[in-house]
Amino acid sequence: MEDFNQLIQIRKEKLDKIREMGINPYPYEFDQSHKSRDIKDHFEDLEEKEVSIAGRMMSVRLMGKAAFCHIQDEQGRIQAYIRKNEIGDQGFELFKILDIGDHIGIHGQVFKTRTGEITVFAKEIRLLSKSIRPLPIVKEKEEDGQKIVYDQFADKEMRYRQRYVDLVVNPEVKEVFIKRSQIISTMRDFLNQQGFLEVETPIMQPIYGGAAARPFVTHHNALDRDFYLRIANELYLKRLIVGGFDRVYEFAKDFRNEGMDRFHNPEFTMMELYVAYKDYKWMMEFVERIFNHVAQRVLGTSKITVGTYEIDLAPPWKRLTMFDAIQEFTGQDLTDMDEKALRKVAGKLHVELEPEMGRGKIIDEIFGELVEPKLIQPTFIIDYPLEMSPLAKKHRENPRVVERFEPIIAGKEVANAFSELNDPLDQRARFEEQMKLKARGDLEAQEMDEDFLRALEIGMPPTAGLGIGIDRMVMLLTNQPSIRDVILFPQMRPENK
RNA sequence: GAGCCAGUAGCUCAGCUGGUAGAGCAGCGGCCUUUUAAGCCGUUGGUCCGGGGUUCGAAUCCCCGCUGGCUCACCA
């Protein structure tokens, strides 16, 4: 059906014509000597010199027996000038039937046109790959240094579904993903330098744990049993601390079977790390350092723009206990309230609750509704209610809260950390509490994990743990409004044809 | 899950209160050997998201559905 598309049909005919000319439209290699930006950056050295460039043809201006076109390679675009008497009759015949979107290689001499654009004067043209499906044509014009874009490929659905087109045609999209890669490799280098060991733990888990979320289920045929795609890798990394690795980390794809919106994709990247003999106070400084380091390395500054906010990631960040934060923004002191009292306060504050919510969840609800969105500059919220943190260690001075923190930036949490619970009996009791919540209808309550408990019984040293939502971190550092703009292939409903 | 908005040519869009579809770019045929949103002349191209309904007549009005976006809800 689509094959009947006239534009594709014409290009297929061109393919035949090219073959008739004795040219293979899909050859095997091309020796590229330079890339576009390199040529522009080193024009003084390269002027009059011969270079070979390769890339996708993105525009053509044909003028009788000569033509200009722009070639787009990994680094950007560069203009080429083609002249019939220079590349010969057959070369020019070929050039004339090339289309925007074709990959070509050009060998020629670097020069500057009359209007001052650095250009390659073609001596030879090679077709490297014929494109038979038209690309959206985006045109640009420079005016007073301002770039005006015409007919931008803007349909979000098509951009996400056909990311390959988005990347070809919208150069700023490519920038985001280059930065994403740099953010991750900068973090990895930083961690390696700090003595961390990068490890890999199971994605298919018999018991899911380490977070509160509903899982995806899959089936193993040979064992004839279900496995869960991990919602977190926390419990495995802690087993490694038990095993004697003192600093471990993993960039993990986690999977949560929940709603999708601009902050949630069903599969996402979490970087978790664990450090033996440290606590959450140490971890707070570490988080400040990591964010600041990455921003400095990748962006060259600690100051970032997020939407309309100007945010400075330079340490130290503000620290507020959860109860103090709630008091600051609502005037209510929830510290000693039981569930009944909390429900009353929530009603007064117009925060809606579900019947199955326990004390911890209610507090979190109030916080998430009334406080979190107002925390714009980096802020550590510390000391969470015990009930909502079954894997965190009780606070050394206050047994009703745990030693846990989340850094909030631009109204959104970007990480989560605690002094890890290593008392095996307490951990068992906490799991049991979770079972009760589960019985009450909380679908996200954690499962009892006997093997993990066995590991704690063997003994885990005092440990601090951290999870950073990489996608959200990339959103922050690249000022992207949606998680889909920082994931190359975001989850979409499958196209039905 | 709810509300709002959108879906028309390969792309970006116009088509008001119903009268059988239009522009720019791209494509195709010409002219043009330093252009750059190249230009000039000519020209092809559409299950107007899908299905029903109202009507002499529907891209347009009504209903149902599909897909997406935004907001809210949910969500560590």
Side-chain angles (χ1 to χ4, degrees), chain A residues 1-2 4-11 13-14 58-70 77 79-87 92 97 99-101 111-117 119 121 131-143 147-161 165 169 210-214 231-232 234 254 256-264 266 270 352 354 360-361 364-365 367-369 372 381 384 388-392 404 406 408 412-418 443-444 446 467 469 472 481-482 484 492-496:
Chain A
M1 4 168 285
E2 283 197 54
F4 292 109
N5 182 295
Q6 185 189 323
L7 296 174
I8 291 181
Q9 205 47 49
I10 288 167
R11 291 198 182 197
E13 284 161 16
K14 287 180 175 179
M58 294 302 286
S59 68
V60 202
R61 291 174 291 284
L62 188 73
M63 298 170 302
K65 299 184 180 63
F68 288 92
C69 63
H70 273 101
R77 291 186 185 181
Q79 185 172 252
Y81 179 48
I82 288 93
R83 218 191 247 178
K84 189 174 182 179
N85 60 6
E86 209 53 50
I87 62 166
F92 204 71
I97 58 171
D99 288 295
I100 287 172
F111 79 111
K112 216 178 235 180
T113 62
R114 186 183 287 168
T115 51
E117 180 161 351
T119 301
F121 192 166
S131 160
I132 61 165
R133 185 178 288 269
L135 220 44
I137 306 295
V138 179
K139 297 220 167 189
E140 295 175 356
K141 184 178 160 186
E142 293 250 2
E143 211 164 76
K147 204 189 237 179
I148 308 170
V149 181
Y150 298 84
D151 299 341
Q152 182 150 39
F153 180 61
D155 185 296
K156 286 202 175 161
E157 180 175 2
M158 283 198 285
R159 287 185 44 213
Y160 297 144
R161 286 195 195 279
V165 174
V169 141
R214 289 150 74 181
I231 58 171
E234 169 157 357
D254 290 344
R256 297 187 185 177
N257 206 341
E258 287 166 349
M260 296 154 64
D261 60 31
R262 68 195 190 90
F263 289 102
H264 301 264
M270 179 86 98
E352 282 183 41
E354 302 295 332
K361 234 167 168 174
D364 187 44
E365 199 64 28
F367 175 80
E369 196 72 24
E372 194 177 56
I381 295 299
Y384 282 63
M388 56 183 290
S389 313
L391 301 166
R404 169 179 175 184
E406 286 189 359
I408 316 282
K412 210 72 197 170
E413 79 271 8
V414 293
N416 181 22
F418 22 93
L443 293 167
E444 297 176 347
Q446 306 224 4
R472 289 187 186 177
S482 168
R484 297 185 146 182
M492 303 284 279
R493 208 178 289 269
E495 285 179 276
N496 48 344

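Letters A, B, ... are given to chains in the order of the sequence lines, protein chains preceding strands, and every chain is numbered from 1. As the structure is a computational prediction, the values presented were derived from the model and not from experiment. As a basis for the values below, the full set of heavy atoms in this structure was taken, side chains included, without hydrogen atoms, waters or symmetry mates.
Of the charged side-chain nitrogens involved, at least one lies within less than 4.0 Å of a carboxylate oxygen, so that A:Asp99 and A:Lys14 count as a salt-bridged pair. Under a 4.0 Å N-O distance rule, the pair A:Arg161/A:Glu157 qualifies as a salt bridge. In summary, A:Arg404 and A:Glu406 engage in a salt bridge, as defined by a charged side-chain N under 4.0 Å from a carboxylate O.
To the nearest 0.5 angstrom, A:Phe153 atom CZ is 8.5 Å from A:Leu135 atom CG. Rounding to the nearest 0.5 Å gives a distance of 12.0 Å between CE of A:Met58 and SG of A:Cys69.
For the pair A:Glu234 and A:Leu391, the minimum side-chain heavy-atom distance is below 4.5 Å.
A:Glu369 meets the salt bridge (charged side-chain N to carboxylate O under 4.0 Å, His left out) test with no other residue; sequence neighbours excluded. Applying the salt bridge (charged side-chain N to carboxylate O under 4.0 Å, His left out) criterion to A:Lys141, with sequence neighbours excluded, gives A:Glu143. Take A:Phe121 and apply the ring pair (Phe, Tyr, Trp, His ring centres under 6.0 Å) test, not counting sequence neighbours, and it matches A:Tyr81, A:Phe111.
For B:G68, the paired nucleotide is B:C5, the pair qualifying as Watson-Crick or G-U wobble because both relevant distances are below 3.5 Å. Nucleotide B:A59 forms a pair with no other nucleotide shown, judged by Watson-Crick or G-U wobble geometry with both contacts under 3.5 Å. When both distances must be under 3.5 Å, the Watson-Crick or G-U wobble mate of B:U34 does not exist. Summarising the base pairing, B:G46 is matched to no nucleotide, lacking a Watson-Crick or G-U wobble pair whose two defining distances lie under 3.5 Å. Pair check for B:G18 finds none; no Watson-Crick or G-U wobble contact set falls under 3.5 Å.
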TODO: Mark up nucleotides 71-76 of chain B, 5' to 3', with B wherever a protein heavy atom is under 4.0 angstrom from a base atom, S wherever such an atom reaches only the sugar-phosphate, and - elsewhere.
DONE: S-BBBB
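At a cut-off of 3.5 angstrom, counting only N and O atoms as typed in the model, there is no donor on one side facing an acceptor on the other between the side-chain of A:Glu117 and the base of B:U34. Evaluation of atom-type donor-acceptor distances gives no pair under 3.5 Å for the side chain of A:Arg114 against the base of B:U34.
The gap from the P atom of B:G3 to that of B:U8 amounts to 24 Å, rounded to the nearest Å. Rounded to whole Å, the C1' atom of B:C56 lies 31 Å from the corresponding atom of B:C66. Spacing between B:C28 and B:G19 at atom C1', rounded to whole Å, works out to 33 Å.
Set against B:C70, B:A26, B:U34, the side chain of A:Lys156 has B:C70 as its closest nucleotide. Of the listed nucleotides (B:U33, B:G68, B:C70), B:U33 has the atom at the smallest distance from the side chain of A:Ala66. Here the nucleotide nearest the side chain of A:Lys139, chosen from B:A26, B:C32, B:U67, is B:A26. For A:Gln79, the listed nucleotide lying nearest its side chain is B:U35; candidates were B:A37, B:C32, B:U35.
Going from atom CZ of A:Phe111 over to atom P of B:U33 covers 16 Å, rounded to whole Å. Atom pair A:Phe263:CZ and B:C70:C1' shows a separation of 13 Å (rounding to whole Å applied). Distance A:Ile82 CD1 to B:C32 C1': 16 Å, rounded to the nearest Å. As a whole-Å value, the separation of A:Glu86 CD from B:U34 P is 14 Å. Atom pair A:Arg77:CZ and B:A37:C1' shows a separation of 12 Å (rounding to whole Å applied). Atom pair A:Lys112:NZ and B:U35:C1' shows a separation of 17 Å (rounding to whole Å applied). Atom pair A:Glu140:CD and B:U35:C1' shows a separation of 16 Å (rounding to whole Å applied). Going from atom CE of A:Met63 over to atom C1' of B:C32 covers 8 Å, rounded to whole Å.
Residue A:Leu62 is classed as a base contact, given a heavy-atom separation below 4.0 Å to a base. Within the 4.0 angstrom heavy-atom criterion, no nucleotide atom of any strand lies near A:Phe92.
Environment of CZ in A:Arg61: crowded, with over 12 heavy atoms of neighbouring residues, nucleotides or ligands closer than 6.0 Å.
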Output a table of nitrogen or oxygen pairs between the protein and nucleotides 2-13 of chain B separated by less than 3.5 Å.
none

Would you tabulate the nitrogen or oxygen pairs shorter than 3.5 Å linking the protein to nucleotides 45-49 of chain B?
unit_1	atom_1	unit_2	atom_2	d
B:G45	O4'	A:Gln6	OE1	3.1

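Within the structure, a side-chain polar atom (N or O) of A:Arg61 is placed less than 4.0 Å from OP1 or OP2 of B:A38.
Side chains of A:Gln6 and A:Arg11: a donor-acceptor N/O pair is absent below 3.5 angstrom, by distance only.
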